[in-house]
Amino acid sequence: MTLLQTIIISIVEGLTEFLPVSSTGHMLIAENLLGVENSDFVRAFTIIIQFGAILSVVVLYWNRFFRLDHTPAPAGSTGWQKFIHKWRFYWLLLVAFIPTGVVGLVVKKSGMIDFMLTPSNAIWIVPIMLVIGGIFMLFCDKLFNKGTEQDEVTEKKAFWIGVIQCLSMIPGTSRSMSTIVGGMSQKLTRRSAAEFSFFLAVPTMAAATGLDVLELFVGSDAVGTGWATSENLIMLLIGCVVAFIVALLAMKWFVSFLSKYGFKSFGWYRIAIGAFILIWMLTGHSMVMFE
């Protein structure tokens, strides 16, 4: 990978990680358009730069992410209930993460994720899911936008958001879209659903990315295979920094835009780009435009 390719792919990751348009799908598309070779380093790069995006959530929501609830627990609460009350923010994230963690491990062990992410398969799966998700997003505001500012995330709501998040394992679906729509289906406002989606991204992406990184190093000798060179490590650092900065800016813009205008614009965007790729491929063209 060249420096320019590194920066472009990192910008794509930062822009799309928290938008309902599928960051994995967009990175796969960008890599194909740029003619990036499907090497061990490229696979490692695509996984590791997500840490930069994860860090942006922690920085942007620092005061909310690192806090305990010191208000008195409801009268008559048991010791366990008092403990949960104090650590409620993290407890809700754990409840939401469990369905994805369990299903993710099962699907990953089955080999389905690797099968779907194979370039020859992903290049078809991604645009199809972009179009399907886009069509759904044209109507989801009317279907689910019934939340009020008083509605809070409960254990039941968090669990169902986690269940719906499992759909994002299909490339092109979008983790952000599935969790925000999941939150809205539980009568959260668009803003509340988006912010909970950001918070849930931290344990979800950290676990998935950490597992992938572990497999990269345990499954093969990173140094021996040649991708963990000093030059590539610098590229990884640049990628993480760029993804962090861009994701930070994208999140702040997205919450404001979503609160005012909803999903429809993102739906039309997904349909347009997905349909264009499908037509382009079906007419015999290659996705590689820059080599």
Side-chain angles (χ1 to χ4, degrees), residues 9 12-13 16-18 20-32 36-55 57 93-130 132-133 158-182 196-222 225 227-228 236 239-240 243 247:
I9 293 172
V12 170
E13 159 62 16
T16 59
E17 185 58 60
F18 299 106
V21 296
S22 177
S23 61
T24 301
H26 276 71
M27 280 197 289
L28 288 168
I29 292 169
E31 289 168 8
N32 275 276
V36 176
E37 181 184 358
N38 184 32
S39 64
D40 289 338
F41 170 67
V42 171
R43 287 191 291 272
F45 178 85
T46 303
I47 293 167
I48 294 172
I49 62 170
Q50 294 182 73
F51 279 118
I54 295 172
L55 184 59
V57 179
L93 291 183
L94 176 61
V95 171
F97 170 74
I98 287 173
T100 307
V102 173
V103 175
L105 282 174
V106 172
V107 174
K108 190 170 183 63
K109 288 292 184 182
S110 71
M112 281 301 298
I113 292 180
D114 291 335
F115 173 78
M116 289 187 291
L117 288 176
T118 302
S120 59
N121 295 325
I123 203 62
W124 291 102
I125 295 174
V126 167
I128 289 171
M129 293 309 300
L130 284 173
I132 292 173
F159 177 79
W160 282 110
I161 292 171
V163 170
I164 297 172
Q165 181 178 232
C166 295
L167 294 173
S168 65
M169 295 175 195
I170 306 172
T173 302
S174 172
R175 191 207 65 82
S176 178
M177 184 194 79
S178 61
T179 50
I180 295 174
V181 171
F196 189 75
S197 171
F198 297 159
F199 299 145
L200 183 55
V202 176
T204 302
M205 293 166 58
T209 307
L211 181 61
D212 285 336
V213 170
L214 181 64
E215 289 184 350
L216 280 170
F217 282 90
V218 173
S220 63
D221 181 358
T225 54
W227 70 260
L236 280 173
C240 287

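We're numbering straight along the sequence, starting at 1. Since we're looking at a predicted model, the values are computed, not measured.
A search for side-chain hydrogen bond (donor to acceptor under 3.5 Å, both in side chains) contacts involving Glu13 returns nothing, not counting sequence neighbours. Taking Ile170 as the reference, Met116, Ile125, Met129, Thr173 meet the side chain to side chain contact (heavy atoms under 4.5 Å, CB included) condition, with sequence neighbours excluded. Listed by chain and number, the residues in a side-chain hydrogen bond (donor to acceptor under 3.5 Å, both in side chains) with Ser23 are Glu17 (sequence neighbours excluded). Residues forming a side chain to side chain contact (heavy atoms under 4.5 Å, CB included) with Thr100 (at least two apart in sequence, or on another chain): Gln165, Cys166, Met169, Thr204. Scored by the side chain to side chain contact (heavy atoms under 4.5 Å, CB included) test, Phe159 finds Val95, Pro99, Val163 as partners (sequence neighbours excluded). Listed by chain and residue number, Phe198 satisfy the ring pair (Phe, Tyr, Trp, His ring centres under 6.0 Å) test with Phe18 (two or more places apart in sequence, or in another chain). With sequence neighbours left out, the side-chain hydrogen bond (donor to acceptor under 3.5 Å, both in side chains) criterion links Thr179 to Ser197. Taking the side chain to side chain contact (heavy atoms under 4.5 Å, CB included) definition, one finds that Leu105 meets it with Leu211, sequence neighbours left out.
Sorted by first and then second residue, the salt bridge (Lys or Arg N to Asp or Glu O under 4.0 Å) pairs with a member in residues 159-179 form an empty list; sequence neighbours excluded. Each salt bridge (Lys or Arg N to Asp or Glu O under 4.0 Å) pair with one or both residues in residues 98-110, not counting sequence neighbours, appears once here: Lys108-Asp212, Lys108-Glu215.
Heavy atoms of other residues, nucleotides or ligands lying less than 6.0 angstrom from CH2 of Trp124 number more than 12.
A donor-acceptor contact shorter than 3.5 Å links the side chain of Ser22 to the backbone of Gly25.
In plain terms, the two heavy atoms of Ile164 and Gly182 that are nearest each other are CD1-CA, 3.6 Å.
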